[in-house]
Every structure is written in structure tokens, then in C-alpha cells.
Amino acid sequence: MTQTDRTSAERLRWLTEQLLVRDADVHATTVAALAEEGDERVVPHLVELLVIDSIANDWERFGFPAVLRDRDPPRYLELPEVRWPGVRGALADLAEPDFDSDHAWVEWETWYSQQDIDPLAGFDEWKLRLYRSYLPPVGGLLDCEPRAFDLQGIRWGNTDRSFLAAMNAPTFVPGDAVDASTDASDTDASDGDSPERYLEDDHLVFGFELEGTAYAVPRWVLFPHELLNAELQGVPVSLTYCTLCNAPILYDRRVPTGGGAAADGDETEGLGGSDETSEAGDVDVRTFGSTGMLASGNKVMYDEETETLWDQHAGTPIGGETLESDPDLFLDQFAVTQTEWGDWKAEYPDTLALDVDTGYGYDYSYYDGNVDFFEHYWNREEIVQPGVRREEGPLPEKASVYGIVDDDPDEVWVISIDDLRERESGLIEGEIAGRDVVALLDATGDVAVYESPPTPVERVETDDGIALVDETGTEWQVARNELRSASDETRERLPGRHGLWFAFRTHYETAHVLE
């Protein structure tokens, strides 16, 4: 490095330090000076600032969750020094694009995610200081050791744990009591204390079963929380939801105190396989929440007990105490069905459903048929989630898939839901971690994956519902958690997770597509 280069680098570092001074006038002068310097190594710094500046200046359009936009933003975003005047123009001077739409900050993040720009030395520490100072609820979690993620790739998702509140200990009531297609006069629950009838047949719900009891949570009610913590049938669970990749996952909140992976994913027993484990004190129960951060387009969770950061899609610790003590840990999960309320209640008539009176004071009706700009993230191929690098692959980036993991949380097998629905046979046969499996559409129209009977198998409709007929002619009835033959032989269900293809290819070292 020449003396001239050294002087330039030192000046750039000094200028980027000035961006952290709590004075908007200093920020404006510094941004202009960086644009004049013309060094693209400061682009990563300016992109970080553009996101904060855009949201702080226009909370009414960009705050999340949207139901809180008519309320005051977090105090730290209202402070006068949380402004970097001219930052968008400076980026246009330093880089090729010149985005000028109302969502220019999103377009800049999309562009930046496709670039290979090496920032100035010390960028990681600079970013930590920025977040600790200007986004304190986020920075306090991000500043952790050890870390299994690249700080440059972590993006802020215009929210944080202070206002993206998990739905804790909600009330579940009989599905008939909240079914809007049922006349209240037809039931015994017609007094003034009855829950609101709000669930229409075409509402998308996340359905699951614990210890033989079925539950339904409408997506549009979970949407502004992104996470639900509850103890149901004695099982502590978290229904986590990433709005960017449309991924609901039901995790067992119990983690082993001795380290190692969760137990074998049993649908009804969860971690440890028996109550004996819990009574022996060999597990901790974690309470999960959303950090407001994104990694490769997927939400980063944390647990309140240790403030460990967790990959929502893989269920693995990625930063902090649990990563240090149990680096190979991954959360056990239960199968979640995405289907319409009408189909779910028809298959599970005794289901319980979420009482919409959650106590949080949200106008959930905002999300009834409206998921805001997330439709663009799900459906428009040209829109790239923050931090995701485009990549050619076996499936379109926004393809809806269902994935199965085995004993290795870094490897996943996925089924294209569109492919499965278009098949005349209504099923896909394949192999997962050495086991023959069959994926099919269940009675609710969603994906279910089972350990396969002798192949080939045929999907048939019977008086008792859906069944499979194997190569020996044996009929296997499709139940929630297993296939069962007339002789009571069974094949277990493999619980999986929904999401968009990009989340699977970016959050697992190896992703196989079953065809």
C-alpha cells in the first residue's frame, strides 16, 4: 500500500466514524464527503444507513408490523440524529444504479445482495456500533459471541423485539365457536361471553396436532406476531412464522441441557420421548421471539432465557450462549399443515382454534386478505429478499416447497408442492437419508410425507378417506401421524417444514429435490 493509499484509507475510516456521531448535520456533511471520495468500499456502510434513514423518515409506510404504523414509532427512530441526509444520492454517485421509487431502499438492498463489495477494514465492528447505538434492541442481540453468521450479510427487517411481539399463551376454543359459517343460534354458545365468530372457510390456517388434539391458527392473525409461544397438552411449543419466505414451523421449546440434537421428531411425544425426561430436569424450556434481523431472507429468532440467536428455518443456534455450549443442537418439530379452514375443520371436526381476542389490541382484520407488500416477496421473481444472492437451480427461487430433515440439520430433502399437485398420481416416491418415503396430498390438500410401504404405491380414495395401496395389494389408510394397514402395521409420518425454495437452498448446506 502506498502512502497515498494509506492516507485515503485512513480518511475513509475517519469519515465512516463520523457517520456514527449523533448529529444529523455531521451526517449530511460526511455523506457528501464520501460521495466525493468515490470509493465503493463505503457502499456497505451507506446501504445500512439508507435502510434506517428510510424507515425512520417514513414509519407510516414502512414500519412493521403494519398494524402499528398508526402508532408512534420506537423512540430511537424518532430522535433527530437518526437521519443521514443525502445518503441515497451518495449511493447513486458511488454505484451504477439510481433507484428513485418510493421503495428505493428495498431496491438498493436487492442490488447490494448481488454484489461482491469488500468493505473497509473494521466494517464488522462499525456495524455493531451502528446497531448498538441507533437500533439498540437489535444491536444488543447482534453483539454476541460466538457467531456462525457473516455480519455483513445480516439485514435489519425494519422491526425489533420491542414491537414485533410474540403471541404468548393465547386461548384456544372449540372451532365451532369461532366458525363464521355457523349461525350462533344453532349452538349453545350464543351468550355475550362467546368468542367472536371470525373464521371463514377460505381463510388460510396453520393446522397441527398435539397428543391427539387438533389446533388451527389463522395466518392472518399470526402475521403481525410472526411467533406464538404456548403450552398445549403439556407440550411447550413455538409456532414460528417467517413472513418473507412464508414458512410456518412448529418447534418443541424443550432443549436438552446436556447438549446434542433433539430427539427423533416424534409427532406426539416431542423432545425426550417421555415425561420422564422433563421430570428428571434434563431439559430447558425456551421462550422464543423475533430479533427483527434477517439472514438470507429468513427471520432470526432469539430465546429470552439465554438471548441465543436461532435460525428460524433450520431450528439451530447461530450466535451466543447455546451455540457455544451446544453447537450441534437443533430443535425438534411437529408437522404443520397449510390449508383452508373449511378443509381443516372437515378433516378435524373437533379441532380447537385460536380465539381472535388475543389481548394485544391489534386490528387483525387489516391482514384478512391482505398481507401487504409480502405478496411481492413471495410471488415476483424479480424481487429478491434482503441478503439473498440469486442463483440458478433446480427450482424457481419462489417455488413453494415442503422440506424434511433427518439427523443432520445441514441436509434437507424438498418436495415441490406445485409438482406434487400437478401429478396425476398425486404422490412422489423417493428416498430420504436411506429411507424409502412417499409424499402425497392429504385430505386437506396439503403435503404429508410418510415412511413408504413396499413400492410402487398407488393413492386411492376410499369410504374412509385417502389410502395407499402398495405393491403387494395391501391397503394403508392415511392418518395424521401414520399410515396404518388392516393388520395394524404402521409407517410413521415425517414432520416437515414449508417455505420458499430460496430459504432451503440458503439455510442448508445440501438441499435435495425429490422428483
Side-chain angles (χ1 to χ4, degrees), residues 1-57 76-77 79-99 104-105 107-156 292-295 319 386-387 389:
M1 180 182 288
T2 66
Q3 182 62 35
T4 302
D5 291 336
R6 183 177 293 110
T7 302
S8 175
E10 289 173 355
R11 173 168 168 74
L12 288 173
R13 279 194 292 271
W14 178 80
L15 285 171
T16 56
E17 290 292 311
Q18 295 300 104
L19 295 171
L20 301 180
V21 173
R22 301 192 71 84
D23 186 325
D25 291 336
V26 173
H27 296 168
T29 302
T30 303
V31 166
L34 287 170
E36 188 175 345
E37 288 288 328
D39 194 313
E40 74 165 6
R41 289 178 294 175
V42 302
V43 166
H45 302 74
L46 298 183
V47 170
E48 297 286 350
L49 300 177
L50 176 63
V51 176
I52 301 173
D53 181 84
S54 299
I55 295 164
N57 278 294
Y76 60 80
L77 290 180
L79 298 174
E81 62 266 27
V82 190
R83 306 290 184 274
W84 287 268
V87 64
R88 198 167 86 183
L91 277 168
D93 289 340
L94 290 168
E96 186 175 317
D98 185 9
F99 302 114
W105 60 279
E107 294 174 298
W108 273 109
E109 281 212 308
T110 295
W111 171 85
Y112 175 63
S113 298
Q114 313 314 309
Q115 310 305 309
D116 290 308
I117 300 176
D118 291 326
L120 291 169
F123 173 80
D124 283 2
E125 181 54 37
W126 180 91
K127 182 169 180 174
L128 284 175
R129 289 173 56 200
L130 171 70
Y131 278 35
R132 287 196 304 258
S133 181
Y134 291 93
L135 303 173
V138 179
L141 291 172
L142 188 60
D143 190 6
C144 63
E145 292 288 348
R147 291 191 295 266
F149 55 85
D150 177 11
L151 268 171
Q152 191 175 353
I154 287 284
R155 314 305 306 157
W156 182 46
M293 293 179 282
L294 301 168
R389 176 70 64 92

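In this text, all values refer to a predicted model and were calculated from it rather than measured experimentally.
In terms of heavy-atom proximity, Val21 sits nearest to Tyr134 at O-OH, 3.1 Å. The shortest heavy-atom contact between Ala24 and Pro80 is CB-O, 3.7 Å. Between Leu94 and Ala35 the shortest heavy-atom distance is CD2-O, 4.1 Å. Annotation for Leu15 and Thr30: closest pair O-CG2, 3.0 Å, computed over non-hydrogen atoms. Shown here for Trp111 and Ala95, the closest heavy-atom pair between the two residues is CH2-CB, 3.5 Å. Considering all non-hydrogen atoms of both residues, Arg389 and Ser113 come closest at NE-O, 2.9 Å.
Considering Arg132, Arg129, Lys127 in turn, Arg132 is the only one that fulfils the side chain to side chain donor-acceptor pair (under 3.5 Å) rule with Asp143. Here the rule is side chain to side chain donor-acceptor pair (under 3.5 Å) with Tyr112, and of Glu48, Glu107, Gln152, Arg155 only Gln152 fits it. Shown are Leu135, Leu19, Ile52; of these, the side chain to side chain contact (heavy atoms under 4.5 Å, CB included) with Leu130 is made only by Ile52.
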Verdict with reasoning, Ile55 to Trp156, per side-chain contact (heavy atoms from CB on, under 4.5 Å)
CA-CA 11 Å; Ile55 295 164; Trp156 182 46; 3.5 Å; yes
From CA spacing to verdict: side-chain contact (heavy atoms from CB on, under 4.5 Å), Arg88, Leu91
CA-CA 5 Å; Arg88 198 167 86 183; Leu91 277 168; 5.7 Å; no
As a quick check of understanding, evaluate side-chain contact (heavy atoms from CB on, under 4.5 Å) for Arg41 and Leu12, giving each step before the final call.
CA-CA 9 Å; Arg41 289 178 294 175; Leu12 288 173; 3.6 Å; yes
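Ring orientation note: the planes of His45 and Phe123 are nearly perpendicular, at an angle over 60° on the 30°/60° scale.
For Glu36, the CD atom counts as loosely surrounded, since its 6.0 Å shell holds 12 or fewer non-hydrogen atoms of other residues, nucleotides or ligands.
Side-chain N or O atoms of Thr16 include one that pairs as donor or acceptor with a backbone N or O of Arg13 at under 3.5 Å. In this structure, His27 contributes its side chain and Pro85 its backbone to no donor-acceptor pair below 3.5 Å. Checked by atom type and distance alone, the side chain of Gln114 pairs as donor or acceptor with a backbone atom of Thr110 at under 3.5 Å. Although no hydrogens or angles enter the test, the distance criterion places no donor-acceptor pair under 3.5 Å between the side chain of Trp108 and the main chain of Val47. Using a distance-only test at 3.5 Å, with no hydrogens or angles considered, no donor-acceptor pair links the side chain of Arg83 to the main chain of Asp53.
The line from OG1 of Thr29 to CG of Leu34 is 11.0 Å long, rounded to the nearest 0.5 Å. Here the CD1 atom belonging to Ile154 is positioned 9.5 Å from the CZ atom belonging to Arg147, to the nearest 0.5 angstrom. Asn57 CG to Trp105 CH2: the interatomic distance, rounded to the nearest 0.5 Å, is 12.5 Å. Atom CG of Leu128 is separated from atom OG of Ser133 by 12.0 Å, given to the nearest 0.5 angstrom. Note that CG of Asp124 is 6.5 Å distant from CG of Asp150, once rounded to the nearest 0.5 Å. Here the CG-CG distance, from Leu79 to Leu77, works out to 8.5 Å after rounding to the nearest 0.5 Å.
Side-chain contact between Met293 and Leu142: present, with at least one pair of heavy atoms (C-beta onward) separated by less than 4.5 Å.
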